[in-house]
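To start, the structure itself, in structure tokens.
Values reported hereafter were calculated over all heavy atoms of this structure, with side chains retained and with hydrogens, waters and symmetry mates removed.
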Amino acid sequence: MFNILFLFVIIPVLTLGALFLTHNIKQVRTVAATGASLLLVSALYLCYAFVTERAANPDAAMLFVDKYMWFEPLNIHLAVGVDGISVLMILLSAIIVFTGTFASWTVQPLTKEYFLWFILLSTGVFGFFISIDLFTMFMFYEVALIPMYLLIGVWGSGNKNYAAMKLTLMLMGGSALLLIGILGIYYHAGETMNILEIVKNGVDPGWQNALFVLTFVGFGVLGAMFPFHTWSPDGHASAPTAVSMLHAGVLMKLGGYGCFRVAIYLMPQAANELGWIFMILTGISVVYGAFAACVKTDLKYINAYSSVSHCGLVLFAILMLNQTAMSGAVLQMLSHGLMTALFFALIGMIYGRTHTRDVREMGGLMQIMPFLSVGYIIAGLASLGLPGLSGFVAEMTIFLGSFESSPIYDAVLGDGNLFRHAFALVTTTSIVITAVYILRVVGKLLFGPVQNEHHRQLDDAHWYERFSTITLMLAIAVIGCFPDLANGILRDSFGPIVEHIMAYAQ
């Protein structure tokens with residue numbers, strides 16, 4: 001029987017093939033939009049199929065599991081499978097690729113080449129989330145990273161060559177650590193790359209600490225963990241609109257997902273012993289990113305540092321090592337992916353009209369571009385956690401989980417709960433700081449006096465821009481108003497994982 005998960009590699013590959021055969025911009029747009037639409041429909045169907053299958057198999061660690069031998073001497077398989085976490089990440093990726101395609105509707109020059117690299121990047125993202133073999137996961141991870149250099153270096157703006165090279169070098173550095181860590185796991189877990197088999201075999205306790213550090217830092221670089229975050233703001237600032245959307249909305253989620261799925265899940269003993277160290281670093285990311293956003297005047301840099309803060313909150317929640325906080329981390333990945341994609345889409349649309357991203361040079365846009373302005377307000381309210389939008393659901397779940405009692409860190413710290421609660425209090429200050437920079441920008445950008453009289457002649461959003469932003473706004477509102485839709489997919493996914501981690505608590 002055909003496995004639905006393979007659609008998420010087959011559709012992008014077929015889209016790439018069709019793009020090679022196109023001869024004009026209209027054909028390029030049609031093929032890209034068709035491929036993105038098929039991916040979104042497939043992701044929505046996967047959610048339905050997953051919930052149905054989960055009801056029949058509530059105890060299965062992964063569903064739709066399938067594997068084919070790829071390289072027998074090293075026991076490498078093309079192995080796929082998903083749980084609720086993977087399904088939500090696939091849905092998020094499909095939404096961002098779909099909306100990013102329409103946000104790229106007028107990309108010039110080399111439109112065909114742009115979409116080829118854009119779809120290749122999305123192929124790597126989808127392949128990463130469906131893989132349960134470490135080698136194929138790493139391969140798709142690299143496929144997702146490599147196109148970023150050209151997408152920023154060719155179609156970006158500002159100091160794009162510097163930003164593209166810095167991003168590539170830092171992420172490749174993280175990839176080198178990951179490769180060493182994955183090979184170490186392979187040799188110290190029964191010479192298998194399959195995640196489910198590694199969980200059964202266990203990783204040699206004598207090697208877990210070293211391998212945990214390698215893999216958590218390797219993925220943490222992509223998750224913009226302090227102090228390895230500096231590539232992210234520069235990359236965001238120079239990337240074209242849809243690439244920023246995919247970069248912040250999905251690519252950075254590979255970091256959080258990898259830290260959870262590989263570092264913590266496969267090496268729970270090391271996570272119990274060393275998690276507090278990375279909790280300090282991620283706590284710094286949360287507060288530092290928010291403060292940095294307060295002092296920036298470039299809209300992309302503001303949102304980029306905001307992403308450092310929000311992605312730091314994801315890693316922070318994962319390190320709490322309890323079910324509530326981890327559920328919040330996944331909801332935060334979903335929420336942040338949607339709202340930061342909306343932010344970057346709107347910033348790109350505003351920049352395309354005003355030719356500036358400096359808040360000091362703009363004002364009164366509500367009376368000039370009411371649709372784009374309302375979209376920016378909704379994204380801002382979601383970012384600061386307004387009830388009824390996705391940010392509130394995610395952050396409340398994380399902070400509730402942060403204050404749950406847990407014996408995990410007690411053996412290392414004496415009173416682990418005191419440490420966790422103290423850092424949870426520190427990270428909650430990010431809510432206030434976020435409100436400061438969001439409300440300041442909204443007030444100045446949208447409701448202040450018009451700074452440039454030429455801006456009064458500008459038009460509002462076109463149909464393809466409205467279509468893209470409305471899709472993202474609806475997704476943010478649906479998660480905020482009906483959080484049980486996401487929780488229904490996540491249900492039963494965390495139980496076995498948390499039990500596995502708790503079994504190693506000292």
Without hydrogens or angle criteria, can the side chains of Thr471 and Thr99 be said to hold a donor-acceptor pair below 3.5 Å? no
Counterpart residues, ring pair (Phe, Tyr, Trp, His ring centres under 6.0 Å), relative to [X] (two or more places apart):
| X | value |
| --- | --- |
| Phe102 | Phe98, Trp105, Phe467 |
| Phe278 | Phe212, Phe216 |
| Trp231 | His247 |

Would you say [X]'s side chain and [Y]'s backbone share a donor-acceptor pair under 3.5 angstrom?
| X | Y | answer |
| --- | --- | --- |
| Thr429 | Val426 | yes |
| Thr324 | Gly401 | no |
| Lys200 | Ile195 | no |
| Ser468 | Tyr464 | no |
| Ser104 | Gly100 | yes |
| Ser175 | Leu171 | yes |
| Ser285 | Leu281 | yes |
| Ser335 | Gln332 | no |
| Thr434 | Leu384 | no |

Taking only residues two or more places apart in sequence, or in another chain, which ones meet [X] in a side chain to side chain donor-acceptor pair (under 3.5 Å)?
| X | result |
| --- | --- |
| Gln27 | none |
| Thr192 | Glu197 |
| Ser327 | none |

Pair Phe226, Ile280 - check side-chain contact (heavy atoms from CB on, under 4.5 Å), show working. CA-CA 9 Å; Phe226 181 88; Ile280 294 173; over 6 Å; no
Out of the candidates Val97, Ile11, Val9, only one should pair with Phe126 under the side chain to side chain contact (heavy atoms under 4.5 Å, CB included) rule; please name it. Val97
Is the shortest side-chain heavy-atom distance between [X] and [Y] below 4.5 Å?
| X | Y | answer |
| --- | --- | --- |
| Leu74 | Phe135 | no |
| Val125 | Leu254 | yes |
| Leu472 | Phe343 | no |
| Met245 | Val250 | no |
| Met193 | Met137 | no |
| Met62 | Leu196 | yes |
| His310 | Ser383 | yes |
| Tyr376 | Val442 | yes |

Non-neighbouring partners of [X] that pass side-chain contact (heavy atoms from CB on, under 4.5 Å), sequence neighbours left out:
| X | value |
| --- | --- |
| Phe64 | Asn3, Ile4, Leu5, Leu46, Ala49, Phe50, Glu53, Val82 |
| Ala224 | His229, Ser232, Met252, Val308 |
| His77 | Lys67, Met69, Asn75, Ala79, Asp133 |
| Leu490 | Ile85, Leu88, Val330, Leu331, Asn487, Phe494 |

Distance-minimising heavy-atom pair for [X] and [Y]:
| X | Y | answer |
| --- | --- | --- |
| Leu7 | Ser42 | CD1-OG, 4.0 Å |
| Ser402 | Ala424 | CB-CB, 3.6 Å |
| Lys300 | Ser244 | NZ-OG, 3.3 Å |
| Leu334 | Ala486 | CD2-CB, 4.4 Å |
| Ala304 | Phe344 | N-CZ, 4.2 Å |
| Val286 | Ser309 | O-OG, 2.7 Å |

How long is the gap from [atom1] on [X] to [atom2] on [Y], to the nearest 0.5 Å?
| X | Y | atom1 | atom2 | result |
| --- | --- | --- | --- | --- |
| Asn303 | Ile347 | CG | CD1 | 4.5 Å |
| Leu474 | Ile479 | CG | CD1 | 11.0 Å |
| Leu179 | Phe138 | CG | CZ | 4.5 Å |
| Ser122 | Leu16 | OG | CG | 7.5 Å |
| Leu39 | Leu44 | CG | CG | 11.0 Å |
| Ile476 | Ile95 | CD1 | CD1 | 10.0 Å |

Answer with yes or no after comparing the ring centroid distance for Phe219 and Tyr141 against a 6.0 Å cut-off, counting only values under it. yes
Which atom pairs, donor and acceptor, lie under 3.5 Å between side-chain atoms of residues 260-268 and protein residues at least two apart or in another chain?
from   : atom 1 : to     : atom 2 : distance (Å)
Arg261 : NE     : Tyr257 : OH     : 3.1
Arg261 : NH1    : Asp83  : OD2    : 2.9
Arg261 : NH2    : Asp83  : OD1    : 2.7
Arg261 : NH2    : Asp83  : OD2    : 3.0
Arg261 : NH2    : Ser86  : OG     : 3.2
Arg261 : NH2    : Tyr257 : OH     : 3.1

State which residues pass salt bridge (charged side-chain N to carboxylate O under 4.0 Å, His left out) with Glu395; sequence neighbours excluded, sorted by chain then number. none
Just checking Phe6: does its CZ atom have more than 12 heavy atoms from other residues, nucleotides or ligands closer to it than 6.0 angstrom? yes
Step by step, would you call Met279 with Met320 a side-chain contact (heavy atoms from CB on, under 4.5 Å)? CA-CA 8 Å; Met279 193 181 295; Met320 286 294 168; 4.1 Å; yes
